[in-house]
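Right, one structure below, let's go through it.
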Amino acid sequence: MMIRQSPLFLGLIQTSLSKVSARCLTAEAAYALREDEAMPRHEEYANIDWNNLGFSPRRTDYMYKSTCASNNTFDQGQLIDYGNVELSPAAGVLNYGQGLFEGTKAVRGEDGRILLFRPDQNAIRMQIGAERMCMQSPSVKQFVDAVKQTAIANKRWIPPPGKGSLYIRPLLIGTGPILGLSPAHEYTFLVYASPVGNYFKEGTASLNLYVNNDFHRTTRGGAGGVKSITNYAPVLKPLLRAKEQGFSDVVFLDSVHKKYIEEVSSCNIFLVKGDVISTPSTVGTILEGITRKSIIDIAHDLGYKVEERLVTVDELMEADEVFTTGTAVTVANVGSITYNGQRVEYKTSDCGLVSQKLFKRLVGIQSGKIEDKYNWVVAIH
Ligand SMILES: Cc1ncc(COP(=O)(O)O)c(C=O)c1O
């Protein structure tokens with residue numbers, strides 16, 4: 001008697017090789033996965049409230065893993081069960097912070113397609129960061145394939161259209177053991193994902209920002225321009241202090257003159273004065289956001305003049321409108337900024353808001369509702 005196995009069954013190979021998990025899923029099987037396929041172990045999935053996702057990690061089904069040992073090339077990589085990672089206590093990432101991360105997202109279009117937004121740009125940014133941090137990095141192709149596979153394997157976690165996105169988090173970490181300060185000899189590229197809603201607890205309401213002039217996110221010659229994990233823990237103290245006082249987030253100033261605005265803890269910042277949009281130029285201390293780049297292109301096409309230059313905090317306080325951009329926040333309108341005890345308020349409910357126009361255009365393209373003349377969207381299903 002001949003027994004036919006489904007692609008999913010064939011793809012679920014039991015292996016004892018992976019220390020991370022016992023189950024692997026081939027890329028072919030990931031693409032063949034049906035969303036209603038039973039995935040036991042996940043009561044959380046049954047209880048998920050798509051209307052109140054927030055922004056916290058959920059244990060999805062699969063993650064992607066590839067390793068680069070001393071031959072300097074990453075292995076083919078595979079999807080494995082989402083789960084804990086085993087590391088040497090001497091791993092480069094744990095001891096010397098050799099680690100980079102990225103953030104991109106998959107959304108479900110109205111027509112049911114699964115859409116990614118400019119994943120190649122995340123791949124390139126990871127390569128630039130890896131060069132700065134003396135790490136090996138995966139090729140752009142491997143990075144994009146890994147993101148696609150992770151999205152497809154976890155597709156049942158992609159929220160319904162308009163409810164949020166599957167936030168995809170590629171990580172590159174030095175996993176080889178080292179004791180003296182030097183680059184690790186082994187790197188691991190991991191991609192995991194979690195369904196998310198709004199980044200800020202304010203939801204779509206406007207943000208109240210606090211300009212911090214005691215703490216700096218980065219300095220000239222530092223690594224502020226790359227997405228190194230080492231840039232984020234130092235931000236927690238000013239961020240928590242600001243949140244305790246009821247602010248949504250912190251605007252950081254440059255560390256030399258303490259008068260030019262740089263960025264917010266996890267997003268870029270723009271101001272509008274008259275019909276000119278200005279944003280701090282990326283001079284190595286600011287992360288060059290993919291949303292920032294896209295918004296600049298969209299704004300030009302909508303007829304705005306956009307300036308990338310040094311922007312003083314005084315200009316920020318005198319702006320007509322302020323907004324922030326990022327993968328997680330998309331385009332978020334700012335309602336107030338507090339600096340040196342002075343609070344200024346901005347337009348937030350005018351339907352002619354520049355940030356609203358930019359938000360609608362960006363989200364329209366990302367969700368497949370507006371024609372993507374830029375070729376930014378990658379449909380994977
Ligand atoms: C410090 C910082 N600035 C800006 C951004 C926005 O970048 P992107 O638009 O690529 O998400 C992020 C988010 O990744 C960030 O962490």
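Ligands are counted one by one from 1 in listed order, and the atoms in each one are counted from 1 as well. Since the structure is predicted, the reported quantities are computational estimates derived from the model, not experimental observations.
The shortest contact between atom 5 (C) of ligand 1 and any protein heavy atom is with S266 O, 3.6 Å. Scanning the protein for heavy atoms near atom 14 (O) of ligand 1, the closest one is K227 NZ, 2.6 Å. Closest protein heavy atom to atom 16 (O) of ligand 1: Y232 OH, 2.6 Å. If you check which protein heavy atom lies closest to atom 7 (O) of ligand 1, you get G289 CA, 3.3 Å. For atom 9 (O) of ligand 1, the closest heavy atom belonging to the protein is T291 OG1, 2.6 Å. The protein heavy-atom contact nearest to atom 2 (C) of ligand 1 is E263 OE1, 3.4 Å.
Here N212 pairs with nothing under the side-chain hydrogen bond (donor to acceptor under 3.5 Å, both in side chains) rule; sequence neighbours left out. In this view, T291 satisfies the side-chain hydrogen bond (donor to acceptor under 3.5 Å, both in side chains) rule with no residue, not counting sequence neighbours.
In summary, the aromatic rings of Y82 and Y62 are positioned with their centroids too far apart to meet the 6.0 Å limit. The six-membered or imidazole ring of Y187 lies away from that of F74, with a centre-to-centre distance of 6.0 Å or more. The aromatic ring centres of F189 and F143 sit less than 6.0 Å apart.
Every atom of ligand 1 is numbered from 1 in the order shown, and the set under 4.0 Å from a heavy atom of T327 is 8 (P), 9 (O), 10 (O), 11 (O). The N268 neighbourhood of ligand 1 comprises atoms 4 (C), 6 (C), with distances under 4.0 Å to a heavy atom of that residue. Here is the list of ligand 1 atoms found below 4.0 Å of a heavy atom in G326: 6 (C), 9 (O), 11 (O).
Contacts between R125 and ligand 1 below 4.0 angstrom, taking non-hydrogen atoms only, involve the side chain exclusively.
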task = Take K141 and D145, measure what salt bridge (charged side-chain N to carboxylate O under 4.0 Å, His left out) needs, and give me the verdict at the end.
result = CA-CA 6 Å; K141 182 178 180 318; D145 281 350; 2.7 Å; yes
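E315 CD to L310 CG: the interatomic distance, rounded to the nearest 0.5 Å, is 9.5 Å.
Distances from ligand 1 to the non-hydrogen atoms of R217 include at least one value under 4.0 Å.
For the salt bridge (Lys or Arg N to Asp or Glu O under 4.0 Å) with R125, the qualifying choice from E102, E288, E131 is E102, the only one to do so.
No N or O atom of S265 sits closer than 3.5 Å to an N or O atom of ligand 1. In terms of N/O distances under 3.5 Å, ligand 1 is not approached by E288. The shortest N or O to N or O distance between T325 and ligand 1 is not below 3.5 Å.
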